[in-house]
Amino acid sequence: MQENNKTAKIKKAELKRLEINRRLSTASEMEVEQLYKLYNSSSKGILDEETIESNQEEYGINKISKKGSDNWFKRLMRSFFNLFNIILFVLVLVSIVVDIILPIIQNQPDELNYISVIIISVIVFASSIIHFLQEQKSATSASKLIAIVETTCLVERNGILKEIPMDEVVVGDIVHLAAGDIIPGDVRIISAKDLFVSQSALTGESIAIEKYAEINKKEKFESITDRHNLAFMGSNIISGSAKALVVIVGNDTFIGSVASKINEKQEKTSFDKGIKKISILFTIVISCVIPIVFLIVGLSHQSTEGSKSWINALLFGISIAVGLTPEMLPMIVAACLSRGSIAMGKSKTIVKNLSSIQNFGTMDILCTDKTGTLTQDEIILERHLDVNGHEDLHVLKYAFLNSYYQTGLKNLLDKSIINRTLELAEEKKYLDNLELQYLKIDEVPFDFNRKRMSVLVKSLKNDKVTLITKGAVEEIIHVCNKIYLDGKVVALDKKIVRKVLNKVKEFSEEGMRVIAIASKKSNIEAVGKLSIADEDDMTLIGYLTFLDPPKDSAEDAIKQLHDLGVDVKILTGDNPLVTKAVCAKVGIPYQRILLGQEISKMSDTQLAIEVEKTQIFAKLSPDQKARIIKILRNNGHVVGYMGDGINDAPAMKVADVSISVDTAVDIAKETANIILLEKDLNVLAKGIIEGRRTHANINKYIKITVASNFGNILSVVVASLMLPFVPLAPVQIIFLNLIYDLCCGAIPWDNVDKEAILSPPKWDHNSIWKFMLWFGATSSIVDIMTFCILFFLVIPKQITGQTFTKISQYRTLDATQMKQFKEMFWAGWLIASMWTQAMVLHFLRSKKVALIQTNASSSLIVSTLLGIALTTSLPYIPKINKALSLEPLPAEYFGWLALLIATYLILTSVVKVIYRKLYKTVL
């Protein structure tokens, strides 16, 4: 039946996909006016609100429901059904069989014991609910923060252009697209100009695909994505501009229908790898512990318990494994990350991916672009010069026309040119109302390969058509064969080129950015006829110099990062001389600058050596930025990347932690793990500190808990070989572990030593073994002392009035005395274990001397005191002590307990000093 339903669903999905493909194919081949009519739209877009609502109702909302997306139900299931809880569930089942079913079958009502099942069930429920609530709180907070940064698109409705959130786009909307935009649905392109789209997320093609509006009914296409007048949701505009009609939205889009298949697998970060290795470590330990304990206990007690000894041995072995495992690890991790996220939120930092906080802390290299990070991101047009270096309004006029009429992504250079021209127009009539004196005919938008853009304008005074091109100096010179020099147009020769480039170099060394302006007369007067091929035989008329001054705080921020052990590397597509000047002003040391053209000739092996000794990388392509970050990661570094442009997206995708700003282009914001509401490196320093606190507290919990639990387990195994009964009942082991873990719930809010955040930490799962063996074995020494004091001195004196000298003397007791002896022993070891675990948590949480040089947070102190008080009182609380099989202890025991704790703390402190000398650290 289920198979039939599954087949029916698959068939239904296939039919729906065929219908969607038919709609797209029809849209590809249909005339634009027919499309408008079909989807209730027009050349001005959708005309009224009623049509918007009806189209949304008919074709759906623009949201994708991903099967793989997280939700409250999955978080709840994950909280209850994890490796640790599965072991507890098994323990419950075994306990049901041993303590309930067997006594009923054997008609032994006195042996019935519901308390173990109840307590273990409560433990599972309590720990799971705490984990769920913590994760739910984190997810809700993250969702609210992410909602602040909304991806929008430019739509035309009733002839009016406006920015709206992507999820408000409906079928029939006309969208205007430019470089950096994410396509908001599956669209039919109505008009386009040098439009290049990246479809790598859909098709795996790394090369951008050119799209255009023309209909081609004759050509046969292997896939719907091959159609050149269709573009698809999730793709992004690399260069050019377009106007398109939305045909498919939401789950019906190409990316929506195959979301589970095309979701790109994110590269595993250092945090992911670290947690995975720790999980593997615990799995190995658990796999070894259960059979060993099972055999020891089963064989040791077979003579006294018979066949039931093997069932008890299995129960005991499972409880031992649970006792070794830090069940609260998921909750502790979630709490630590959530706390870090809240702290960063107060610093105007939005954390989209919680695990990126920890990656922030372990980051040892920050790669960043120069503009807007080290500089004020407020480009000022300083000069408009002819080729001799004299101010020339003619150069500014042509620069204005180019910037004003281009419809692509207007960058800061364009805005500064326009603003400067409008300012001067009040004084210089020559510049007044230029936009009214010319008519734009066509354009060739900017792209990162050409590094230039052109507009074709026609003068309304004399009908003269002029092509105006601006861009990188080298690229402009490349398309020029003439130069406007001293009032004349002369041939451009090598001598003049050297003179121009030397002048440009002077400005660049002052930290200025320089772009060139060229022009030529043209006879093209038809829209759509201009192309890249027309950018030749031009005349160089001058250049513009811009200043993006360093931020006042940049030098201090760089110093902070260096003090925190984070190396700052500049990855930019900009001029190396400008970059060098800025870096010198903000205190980034460098010995050499590596250029993109040099990198392109290097093998990965060569580049792996060069990236370690190079701080400035200039003239880079987007792919080269990503390549450098990958190689740095392969070299063992944890790498962050901060960017806000289209060309930064590939690098952000491969970094351990990617950072962007609220003003970034859509593709950068979508890719980023963390978004800054203020472009300030000081905020990054705060994030690094929060990340290191998070890492320190997670690491603290794992190591101390595993060492403490391992010591208990080692002690119990040794005692099982010596004693005529198990040292602790399985339910007592689980209960002790739960109380200790609940005490550890305050660790995310614990204090962290300043020394612990001065350098980037590393995930080292091998150090867990060393820490566990050293400090676990240390605690076992005191545990064995506790066993001896309880078994030979305290308990026999209380029961018989005399001390024991041999273990065999236990056999002389009657059944009632044996039961009292055993339960008193359990109570004594339970209390001692809780005291030592709680105290050692304070003594091992820092490499400093506890209570003298460092103190835990108030919350951790309170939680451990409550845990100690609760455990110590259990044997004295009526009914509870009987339910847990605990017997009250004489006052004499607590004098011995004080001596044992003092011995343990002194011994731990000594071992801590030795451990630190051997391994140069504690945690």
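The residues of the chain are indexed from 1 along the displayed sequence.
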Undergrad: For R157, which of I174, I164, D48, T51 qualifies under side-chain contact (heavy atoms from CB on, under 4.5 Å)?
TA: I164
Undergrad: Which atom names give the shortest non-hydrogen contact between D656 and V638, and what distance separates them?
TA: OD2-CA, 3.3 Å
Undergrad: Can a donor-acceptor pair be found between the side chains of S28 and N229 at a distance below 3.5 Å?
TA: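 S28 vs N229: donor-acceptor pair found between side chains.
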Undergrad: To the nearest 0.5 Å, how far apart are CZ in F400 and CD in E435?
TA: 5.0 Å
Undergrad: Could you tell me the separation between the CG atom of L230 and the CD atom of E29, rounded to the nearest 0.5 Å?
TA: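 Interatomic distance, L230 CG to E29 CD, rounded to 0.5 Å: 9.5 Å.
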Undergrad: Do N419 side-chain atoms and S416 backbone N/O form a donor-acceptor pair below 3.5 Å?
TA: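 Pair absent, no side-chain N/O of N419 close to backbone of S416.
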Undergrad: Apply ring-ring contact (aromatic ring centres under 6.0 Å, His included) to Y59 and list each qualifying residue two or more places apart in sequence or on a separate chain.
TA: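 Expected list: Y39.
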Undergrad: Taking side-chain hydrogen bond (donor to acceptor under 3.5 Å, both in side chains) as the definition, give me every residue that meets it alongside S356, ordered by chain and number, with sequence neighbours left out.
TA: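 Result, side-chain hydrogen bond (donor to acceptor under 3.5 Å, both in side chains) vs S356: none returned.
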Undergrad: At their closest point, which heavy atom of K451 faces which heavy atom of K619, and how far apart are they?
TA: NZ-CD, 4.2 Å
Undergrad: Give the minimum heavy-atom separation between I629 and C367, together with the two atoms involved.
TA: CG1-SG, 4.4 Å
Undergrad: Looking only at heavy atoms, what is the nearest atom pair of A672 and S660, with distance?
TA: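 The pair with the smallest heavy-atom distance is CB-CB, 3.6 Å.
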Undergrad: From the options E168, E163, K162, select the one residue that forms a side-chain hydrogen bond (donor to acceptor under 3.5 Å, both in side chains) with T152.
TA: E163
Undergrad: Write down the atom of G596, the atom of Q624, and the distance for their closest heavy-atom approach.
TA: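 What the structure gives for the nearest pair is O-NE2, 2.7 Å.
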Undergrad: Using only atom types and a distance under 3.5 Å, with no angle test, would you say the side chain of R513 pairs donor to acceptor with the backbone of L413?
TA: no
